[in-house]
*Asks:* 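Just passing along the structure, written as structure tokens.
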Amino acid sequence: MCNKTDTYILRLANTGLDANLIQTSIDKSSALIKIPAELISKGKCKIEIISGYIQLEHSNGNRIIPDYGVLVGLRAEGLSVLGYDTQQQYSHPILLGMGAVDSNSQLSTSFTAVSSPSFTCPELPPQIKLERVFQNPATAGLDIANSYTANDTPFSCVLQIQFLEDMN
């Protein structure tokens with residue numbers, strides 16, 4: 001007998017038509033996104049990061065990172081993840097992906113993972129905060145990409161979710 005496993009796609013973005021689902025921060029570096037209740041109630045799940053996109057420059061010419069920024073990424077706060085991240089030296093928030101910035105004239109970047117990272121989450125939270133970050137060469141740390149434009153510049157990621165209850 002073949003087990004049928006449902007696959008759910010969850011696209012998270014800082015732009016959308018429903019202001020009740022998405023709240024952006026004052027400095028536009030992050031967005032708090034509500035998760036549908038029917039997905040939260042399904043419990044433990046495997047999450048795979050399918051893709052991600054970050055626009056680097058607003059239409060008025062303001063960039064979200066300084067000229068010396070070479071990597072930009074998205075991290076998610078609110079996801080409980082089984083495991084540990086040595087780059088951030090704590091398990092939360094989780095870094096969903098990063099993209100290379102090859103020049104100061106580059107307008108956008110996508111996640112450049114060789115294979116889609118996956119992780120196990122005990123359950124989805126009621127909301128996930130996505131935050132734009134860049135790697136600061138001076139400190140080798142991840143800084144919030146927030147002090148360069150106060151305009152909405154799109155970022156998004158697509159997650160594929162399989163719930164363990166569907167796998168039985």
Side-chain angles (χ1 to χ4, degrees), residues 7-17 21-33 35 45-121 124-125 127-162:
T7 299
Y8 299 80
I9 298 297
L10 186 60
R11 183 178 183 275
L12 304 173
N14 68 330
T15 56
L17 300 176
L21 295 178
I22 303 167
Q23 295 176 343
T24 56
S25 62
I26 292 171
D27 66 8
K28 308 300 184 193
S29 66
S30 65
L32 194 60
I33 302 163
I35 304 301
C45 58
K46 176 186 172 191
I47 299 176
E48 186 173 358
I49 301 161
I50 302 300
S51 64
Y53 169 85
I54 302 168
Q55 185 172 319
L56 301 173
E57 187 172 298
H58 190 268
S59 60
N60 65 8
N62 291 338
R63 292 182 66 76
I64 62 151
I65 58 172
D67 289 343
Y68 57 81
V70 294
L71 286 174
V72 65
L74 284 179
R75 62 183 174 195
E77 188 175 310
L79 287 174
S80 295
V81 177
L82 302 181
Y84 186 76
D85 184 341
T86 60
Q87 184 176 17
Q88 299 180 89
Q89 298 180 5
Y90 52 88
S91 59
H92 305 289
I94 183 171
L95 186 62
L96 297 177
M98 297 192 83
V101 180
D102 298 323
S103 74
N104 292 334
S105 61
Q106 185 176 341
L107 299 178
S108 65
T109 188
S110 296
F111 292 173
T112 53
V114 175
S115 62
S116 297
S118 62
F119 51 89
T120 301
C121 180
L124 292 176
Q127 55 193 13
I128 296 173
K129 177 183 175 185
L130 288 184
E131 186 171 49
R132 217 176 19 221
V133 295
F134 73 96
Q135 187 167 26
N136 185 337
T139 64
L142 296 175
D143 291 347
I144 298 169
N146 68 345
S147 58
Y148 305 97
T149 179
N151 302 306
D152 285 321
T153 49
F155 56 80
S156 66
C157 68
V158 178
L159 306 177
Q160 177 177 292
I161 303 171
Q162 293 179 321

*Asks:* Check for a donor-acceptor pair, side chain of R132 on one end and backbone N or O of L56 on the other, with a separation under 3.5 Å.
*Replies:*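 Not at all, since once roles are kept as given, no pair shorter than 3.5 Å links the two residues.
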
*Asks:* For the atom pair CD1 (I94) and SG (C121), what is the distance rounded to the nearest 0.5 Å?
*Replies:*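 If we round to the nearest 0.5 Å, I94:CD1 and C121:SG are 9.0 Å apart.
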
*Asks:* Taking all non-hydrogen atoms of both residues into account, name the closest pair between A145 and I65 and its distance.
*Replies:*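 In terms of heavy atoms, the two residues are closest at CB-CG2, 4.0 Å.
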
*Asks:* Do the side chains of F119 and L79 get nearer than 4.5 Å, heavy atoms only?
*Replies:*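 They are in side-chain contact.
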
*Asks:* Just to verify, what does S105 make a side-chain hydrogen bond (donor to acceptor under 3.5 Å, both in side chains) with, not counting sequence neighbours?
*Replies:*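 Testing S105 for side-chain hydrogen bond (donor to acceptor under 3.5 Å, both in side chains), a comparison that skips the adjacent residues, returns S103.
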
*Asks:* Identify the two heavy atoms, one from F155 and one from A31, that lie closest to each other, and give their separation to 0.1 Å.
*Replies:*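 Scanning both residues completely, I find the closest heavy atoms to be CZ-N, 4.1 Å.
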
*Asks:* Counting only N and O atoms by type, is there a donor-acceptor contact under 3.5 Å from the side chain of R11 to the main-chain atoms of S156?
*Replies:*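 Pair absent, no side-chain N/O of R11 close to backbone of S156.
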
*Asks:* Main chain of A100, side chain of Q106: is a donor-acceptor contact present, judged purely on distance under 3.5 Å?
*Replies:*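 Yes; at least one donor-acceptor contact below 3.5 Å.
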
*Asks:* Are side-chain heavy atoms of Y8 and L159 found at a separation under 4.5 Å?
*Replies:*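 SC-SC contact between Y8 and L159 ruled out.
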
*Asks:* Please name the pair of heavy atoms, one in T153 and one in N14, separated by the smallest distance, quoted to 0.1 Å.
*Replies:*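 Scanning both residues, the minimum pair turns out to be O-ND2, 3.0 Å.
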
*Asks:* Would the distance check show the side chain of T24 and the main-chain N or O of K28 forming a donor-acceptor pair, the cut-off being under 3.5 Å?
*Replies:*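 Checking the backbone N and O of K28 against the side chain of T24, no donor-acceptor pair under 3.5 Å is found.
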
*Asks:* If you round to the nearest 0.5 Å, how far is CG of L21 from CG of L32?
*Replies:*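 The CG atom of L32 sits 11.0 Å away from the CG atom of L21.
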
*Asks:* Within the structure provided, determine whether I144 and R75 are in side-chain contact (heavy-atom separation under 4.5 Å).
*Replies:*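 Yes, side chains in contact.
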
*Asks:* Would the distance check show the side chain of T112 and the main-chain N or O of M98 forming a donor-acceptor pair, the cut-off being under 3.5 Å?
*Replies:*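 The answer is yes, because a donor-acceptor pair under 3.5 Å joins these two groups.
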
*Asks:* Any side-chain heavy-atom pair from I35 and L12 closer than 4.5 angstrom?
*Replies:*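 A side-chain contact under 4.5 Å exists here.
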
*Asks:* Taking the side chain as everything from C-beta on, heavy atoms only, tell me whether Q55 gets closer than 4.5 Å to T15.
*Replies:*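 No; the side chains remain at least 4.5 Å from each other.
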
*Asks:* Residues in ring-ring contact (aromatic ring centres under 6.0 Å, His included) with Y53, at least two apart?
*Replies:*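 Y53: no ring-ring contact (aromatic ring centres under 6.0 Å, His included) contacts found.
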
*Asks:* Measuring only between side-chain heavy atoms, which start at C-beta, is Q127 closer than 4.5 Å to I33?
*Replies:*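 No. Closest side-chain heavy atoms not under 4.5 Å.
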
*Asks:* Tell me whether S25 contacts the main-chain N or O of S30 through its side chain, where contact means a donor paired with an acceptor under 3.5 Å.
*Replies:*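 Flag set: sc S25 to bb S30 pair under 3.5 Å.
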
*Asks:* Show the nearest heavy-atom pair for residues Q160 and T7, with the distance to one decimal.
*Replies:*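 Taking every non-hydrogen atom into account, CG-CG2, 3.1 Å.
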
*Asks:* What's the separation between atom CG in L71 and atom CG in L142, rounded to the nearest 0.5 Å?
*Replies:*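 Here the rounded value is 9.0 Å.
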
*Asks:* Are I47 and L124 close enough that some pair of their side-chain heavy atoms sits under 4.5 Å apart?
*Replies:*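 Yes - at least one pair of side-chain heavy atoms lies under 4.5 Å apart.
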
*Asks:* With a 4.5 Å cut-off on side-chain heavy atoms, are I64 and F134 touching?
*Replies:*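 The answer is no; the side chains never approach within 4.5 Å.
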
*Asks:* For the atom pair CD (E48) and CD1 (I9), what is the distance rounded to the nearest 0.5 Å?
*Replies:*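 The distance works out to 9.0 Å.
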
